[in-house]
Amino acid sequence: MKRIILTLTMLVALVATASAQAEIKFDKLIHNFGSFEESNPVQKATFTFTNVGNKPLIINQAIASCGCTIPSYTKKPVAPGEKGQISVTYNGKGMFPGHFKKSITVRSNGNVEMSRLYIEGVMTEKK
């Protein structure tokens, strides 16, 4: 009987521990720069996220789909209820004018391990 109670207690503790997890929630998933001239090709955006889970959130990596897009992110663990940021710099120098859409893949220890952010806009010809 003692073994059954001990086993059930350990099982309940294991389930409670397993359900505790970090969870990332972004304020937005897409940033539109609108139109800008190729004489001003560098554009910046910031994506803010909140850890809505109950364990610290760690961003493992943020990778852009193109070398013209550079992400940087909060390196320290983000406590439950706290906010962090992913800053993205788009450099259109040497690129053809027109519409663009780039993605940033974010990997974390959250319950959803991979999120995707997007930046887009229209770079117009220099006047």
- Give the minimum heavy-atom separation between Pro41 and Met123, together with the two atoms involved. CB-SD, 4.3 Å
- Polar contact flag, side-chain donor to acceptor under 3.5 angstrom, Thr69-Lys102: no
- With the 4.5 Å side-chain cut-off for hydrophobic clustering, are Phe47 and Leu29 part of the same group? yes
- Can you list the residues that meet the side chain to side chain contact (heavy atoms under 4.5 Å, CB included) rule with Asn32, with sequence neighbours excluded? Glu120
- Query: Counting only heavy atoms not in Lys28, do more than 12 fall under 6.0 Å of its NZ?
  - Reply: yes
- Query: Val42, Phe36: one ILVMFWY side-chain cluster at the under-4.5 Å cut-off?
  - Reply: no
- Item | Check: Asn51 side chain, Gly81 main-chain N or O, donor-acceptor pair, under 3.5 Å | no
- Query: Can you list every side-chain hydrogen bond (donor to acceptor under 3.5 Å, both in side chains) pair that touches residues 107-118, not counting sequence neighbours?
  - Reply: Gln61-Arg107, Thr105-Arg116
- Item | Contact list for residues 33-42, test side-chain hydrogen bond (donor to acceptor under 3.5 Å, both in side chains), sequence neighbours left out | Glu37-Ser39
- Residues at least two apart in sequence or cross-chain that pass ring-ring contact (aromatic ring centres under 6.0 Å, His included) with Phe49, listed by chain then number, are Phe26
- Query: Are Ile63 and Leu117 co-members of a hydrophobic cluster defined by side-chain heavy atoms under 4.5 Å apart?
  - Reply: no
Under 3.5 Å, side-chain donor or acceptor atoms of residues 71-80 against the rest of the protein: list the pairs with distances, not counting sequence neighbours.
from: Tyr73; atom 1: OH; to: Asn60; atom 2: O; distance (Å): 3.3
from: Thr74; atom 1: OG1; to: Gln85; atom 2: N; distance (Å): 3.0
from: Thr74; atom 1: OG1; to: Gln85; atom 2: O; distance (Å): 3.3

- Would you please name every residue forming a side chain to side chain donor-acceptor pair (under 3.5 Å) with Lys25, sequence neighbours left out? none
- Among the clusters formed by ILVMFWY side chains lying less than 4.5 Å apart, do Ile70 and Val88 turn up in the same one? no
- Task: Please check if the side chain of Asp27 supplies one atom and the backbone of Thr48 the other of a donor-acceptor pair under 3.5 Å.
- Result: yes
- With sequence neighbours excluded, residues passing side chain to side chain donor-acceptor pair (under 3.5 Å) with Lys101: none
- Query: Under the ring pair (Phe, Tyr, Trp, His ring centres under 6.0 Å) rule, what pairs show up with a residue in residues 75-95, not counting sequence neighbours?
  - Reply: Tyr90-Phe100
- Query: Looking at side-chain heavy atoms only, is the closest gap between Thr46 and Ser87 below 4.5 Å?
  - Reply: yes
- Would you check, one step at a time, whether the test side chain to side chain contact (heavy atoms under 4.5 Å, CB included) holds for Ile59 with Val106? CA-CA 7 Å; Ile59 302 293; Val106 179; 4.0 Å; yes
- Task: For Asn91 and Cys68, indicate whether the former's side chain and the latter's backbone hold a donor-acceptor pair under 3.5 Å.
- Result: no
- Is there side-chain contact between Lys44 and Thr89, with heavy atoms separated by less than 4.5 Å? yes
